[in-house]
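Excluded from the calculations below are hydrogen atoms, water molecules and symmetry mates; all remaining heavy atoms, backbone and side chain alike, are included.
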Amino acid sequence: MARVHFASKILLPLLSMSVLVVVVESGIGVNWGTISFHRLSPETVVDLLKDNKIGKVKLFDADPTVMRALMGSGIEVMVGIPNEMLAVLSSSAAASDLWVSQNVSRYMVKGGVNIKYVAVGNEPFLTSYSGQFQSLVMPALMNLQQSLVKVNLAGMVKLVVPCNADAYESSLPSQGAFRPELTQIITQLVSFLNSNGSPFVVNIYPFLSLYGNSDFPQDYAFFDGTTHPVVDGPNVYYNAFDGNFDTLVAALTKLGYGQMPIVIGEVGWPTDGALSANHSAAKAFNQGLVKRVLSNSGTPLRPGVPPMDVYLFALLDEGAKSVLPGNFERHWGIFSFDGQAKYPLNLGNGLLKNAKQVDYLPSRWCVANPNRDLSAVTNHFKLACNVADCTTLSYGGSCNNIGEQGNISYAFNSYYQLRKQNPQSCDFDGLGMVTFLDPSVGDCKFLVGVTDNNSLGFILNGVEVGFSGFPLLKLPD
């Protein structure tokens, strides 16, 4: 899933180097993204991972607070390099050395972080990027590989390039091939991966196939069988995941790498923000996926050989992500932003357990004042939703049917919680009021924020903004 990242920092050395080897058996991991208005402390999230025996985690950067929290946990980590850093890493060996020093070797110490992979870019061949990052990938890989060699970590830490499934195409899995404009660079990439013992990492999203195509058979997106199987010669496909996976296997085979190990970098189902995004669908998909992977049944082109690893997308909701792909973008988590399991899910170690010792703000909410004329509320509503997250109010969302006053209250409260319940942030020219009675209605939950001081936002060009990039506008008094 494409992501927007702000500038990353390269930090000064912290620790001397030795090597930590931890063997993790579970094949199911999670993506841990942090683009949120309400961030749990990294320590709380690491405890959540450990309590749920989740032994693998994929990051989208190398946030020092996250990396420090992972130290000593034994959790296997895939560190990420944003696409925006590929230019400097591809053109400068010194920058590559410094990045490895600051984000890999400094943590590879006794009691440190168990870094297994470095993801170089994130879906850099995505069609919508129009080739922007295409020429940067291989030079960046070469520089980073040499940097790892210099610090004697090339045998332990493997470089990978997470690819979107739009890198290959076909009407039938057995005819899978990479997009013609990518054939040369993908050939170079898989040769590099093969020579260095790295897997091919791909992100597969049956939900997006269903969301973007009204003719897509809904039951084919899940794992319970379908009345619309895909017949491909002697092979029959009963779910989109297997069909997509084998399309990649066929594409790799055409390049001479039919046995290359494959890791699923992202796969999941959102719970809100679209008609087909809800708790029951997400539970059905994710539980079906886990059951299929852990059964080791494989696919028609790789019978008995499941993906090496599968990273569910995602661990937590990210309420400040861009909604350009759709309002569902903020609702992929198997846990809500505060670490509470959204639905019963067994990843192979029992049902999910909630985060412990979450520090909530006081139990109070901001709602529309029923004694005031709300005819002039439009601008306040727009400003609140431009800053806070109101995606559950959209068509298909869990709060879509709570009425006009309910919509206003939801927007007011989202802004109020984002501003850490600052009393002035519930004024709205007198149209808002604080209540101690939970205004949640059915499945529509009015949130209470958490107290993490880092979750509100940051300064960009002198303006305080949220992680979505919107200014944190001061509403009229």
Side-chain angles (χ1 to χ4, degrees), residues 36-40 271-274 278 317-321 323 327-328 330-331 336-338 340 342 358-453 455-458 463-477:
S36 177
F37 292 128
H38 306 279
R39 288 181 63 180
L40 294 176
T271 56
D272 216 325
N278 53 68
D317 281 348
E318 295 178 87
K321 285 186 70 179
V323 294
N327 289 322
F328 55 82
R330 297 177 174 179
H331 304 281
S336 53
F337 74 93
D338 54 352
Q340 306 306 295
K342 295 183 184 177
V358 178
D359 294 324
Y360 291 97
L361 296 171
S363 294
R364 57 189 178 216
W365 298 262
C366 178
V367 297
N369 189 332
N371 300 317
R372 294 295 301 269
D373 177 4
L374 299 176
S375 59
V377 78
T378 301
N379 286 338
H380 295 300
F381 179 88
K382 288 181 179 178
L383 284 171
C385 288
N386 194 38
V387 175
D389 177 30
C390 297
T391 52
T392 58
L393 298 177
S394 60
Y395 180 63
S398 61
C399 298
N400 182 237
N401 296 308
I402 61 174
E404 181 179 359
Q405 184 163 324
N407 290 344
I408 296 167
S409 293
Y410 189 92
F412 281 7
N413 184 64
S414 295
Y415 181 84
Y416 175 67
Q417 302 297 338
L418 184 149
R419 298 312 301 253
K420 303 298 186 193
Q421 300 183 356
N422 183 318
Q424 293 181 338
S425 66
C426 188
D427 184 20
F428 300 100
D429 278 346
L431 301 182
M433 59 173 282
V434 173
T435 179
F436 297 93
L437 298 176
D438 186 350
S440 298
V441 182
D443 291 334
C444 177
K445 305 301 181 184
F446 281 57
L447 66 85
V448 172
V450 293
T451 59
D452 174 38
N453 293 326
S455 62
L456 177 59
F458 53 91
V463 179
E464 188 179 8
V465 301
F467 283 89
S468 61
F470 290 119
L472 293 179
L473 301 171
K474 183 182 186 302
L475 297 177
D477 295 328

Report summary line: d(Asp443 CG, Thr392 OG1) to nearest 0.5 Å is 11.0 Å

Report summary line: Taken to the nearest 0.5 Å, the spacing of Phe328 CZ from Lys321 NZ works out to 9.0 Å

Query raised in the report: What distance do Cys366 atom SG and Ile408 atom CD1 have between them, rounded to the nearest 0.5 Å?
Result: 11.5 Å

Report task. Quick one: pull up NE2 in His331 and NZ in Lys342 and give me the separation to the nearest 0.5 Å. Result -> 7.5 Å

Report task. Please answer whether the main-chain N or O of Leu447 pairs with a side-chain N or O of Asn413 as donor and acceptor at a distance below 3.5 Å. Result -> yes

Requested in this report: Write down the atom of Ser363, the atom of Phe436, and the distance for their closest heavy-atom approach.
Outcome: O-CD2, 3.8 Å

Query - Worked check of side chain to side chain contact (heavy atoms under 4.5 Å, CB included) between Ser425 and Tyr415 - result: CA-CA 7 Å; Ser425 66; Tyr415 181 84; 3.6 Å; yes

Query raised in the report: Sub-3.5 Å donor-acceptor pair from the side chain of Asp317 to the main-chain atoms of Gly319, do we have one?
Result: no

Query - Backbone N/O of Ala368 and side chain of Ser409: donor-acceptor pair under 3.5 Å - result: yes

Requested in this report: Mind checking ring pair (Phe, Tyr, Trp, His ring centres under 6.0 Å) for Tyr410 and listing every partner two or more places apart, or none if nothing turns up?
Outcome: Phe446

Query raised in the report: For the side chain of Arg372 and the backbone of Gly430, is there at least one donor-acceptor N/O pair under 3.5 Å apart?
Result: yes

Query raised in the report: Hey, is the main chain of Leu431 close enough, under 3.5 Å, to the side chain of Asp429 for a donor-acceptor pair?
Result: no

Query raised in the report: Are the side chain of Gln340 and the backbone of Asp338 linked by a donor-acceptor contact shorter than 3.5 Å?
Result: yes

Query raised in the report: Does the side chain to side chain contact (heavy atoms under 4.5 Å, CB included) test come out yes or no for Phe37 and Gln417, once each step is laid out?
Result: CA-CA 9 Å; Phe37 292 128; Gln417 302 297 338; over 6 Å; no

**Report entry** Check against side chain to side chain contact (heavy atoms under 4.5 Å, CB included), Phe412 and Val367
**Finding:** CA-CA 6 Å; Phe412 281 7; Val367 297; over 6 Å; no

Report task. Using side chain to side chain contact (heavy atoms under 4.5 Å, CB included) as the criterion, point out the one residue from Asn369, Asp427, Asn371 that pairs with Met433. Result -> Asn369

Requested in this report: Check the angle between the aromatic planes of Phe428 and His380 and answer parallel, tilted or perpendicular using the 30° and 60° thresholds.
Outcome: perpendicular

Query raised in the report: With no hydrogens and no angle check, is any side-chain donor or acceptor of Lys420 less than 3.5 Å from a backbone partner on Val450?
Result: yes

Query raised in the report: Quick check: does any side chain N or O of Thr451 sit under 3.5 Å from a backbone N or O of Asp359, one acting as donor and the other as acceptor?
Result: yes

**Report entry** Test item: Asp272 side-chain N/O and Ser398 main-chain N/O as donor-acceptor pair under 3.5 Å
**Finding:** yes

Query raised in the report: Any donor-acceptor pair under 3.5 Å linking the side chain of Asn400 with the backbone of Leu393?
Result: yes

Requested in this report: List the steps, then state whether side chain to side chain contact (heavy atoms under 4.5 Å, CB included) holds for Asp389 with Leu418.
Outcome: CA-CA 9 Å; Asp389 177 30; Leu418 184 149; over 6 Å; no

Report summary line: Between the OH atom in Tyr395 and the CG atom in Asn401, the distance rounded to the nearest 0.5 Å is 9.5 Å

Query - Rounded distance (nearest 0.5 Å) linking atom SG of Cys390 with atom NZ of Lys382 - result: 13.0 Å

Query - Non-hydrogen side-chain atoms of Leu374 and Glu404 separated by less than 4.5 Å - result: no

